[in-house]
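Take a look at the structure below.
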Amino acid sequence: MTSETLQALLNDMLEELIMARDNDDDDRLAELAEDTEGIRSIRTYDDVGMLTHDKGLVVECDDGTEYQITIVRSR
């Protein structure tokens, strides 16, 4: 999984989840779950003991690649 793929996946997941909040359409969520194939685990920075005050996620993929997604407030 590439960084571009992960970025697109996260963006698509958030958009779909936002639209699905008021909709009971389980098919959309099932399709979304299929799109996450290749992601082994998602853990918070706190869970992995990251030495930072930032909040974020560590995404580990099946092929062994790992991504850190830092959440930084911009405004």
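We count residues from 1, following the sequence as given.
In this structure T70 satisfies the side-chain hydrogen bond (donor to acceptor under 3.5 Å, both in side chains) test together with Y45, sequence neighbours excluded.
Cluster annotation: I42 and Y67 are assigned to the same hydrophobic cluster (Ile/Leu/Val/Met/Phe/Trp/Tyr, side-chain heavy-atom contacts under 4.5 Å, transitive). Note on M50: it does not cluster hydrophobically with I69, by side-chain heavy-atom contacts below 4.5 Å among ILVMFWY residues.
Annotation: the span from D12 atom CG to T5 atom OG1 amounts to 11.0 Å, rounded to 0.5 Å. Atom-to-atom distance recorded for T44:OG1 and I71:CD1 is 9.5 Å, nearest 0.5 angstrom.
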Just distance, no hydrogens or angles: give the donor-acceptor pairs under 3.5 Å from side chains in residues 56-63, sequence neighbours left out.
{"unit_1": "E60", "atom_1": "OE2", "unit_2": "R40", "atom_2": "NH1", "d": "2.8"}
{"unit_1": "D63", "atom_1": "OD1", "unit_2": "T65", "atom_2": "N", "d": "3.0"}
{"unit_1": "D63", "atom_1": "OD1", "unit_2": "T65", "atom_2": "OG1", "d": "2.7"}
{"unit_1": "D63", "atom_1": "OD2", "unit_2": "M1", "atom_2": "N", "d": "3.2"}

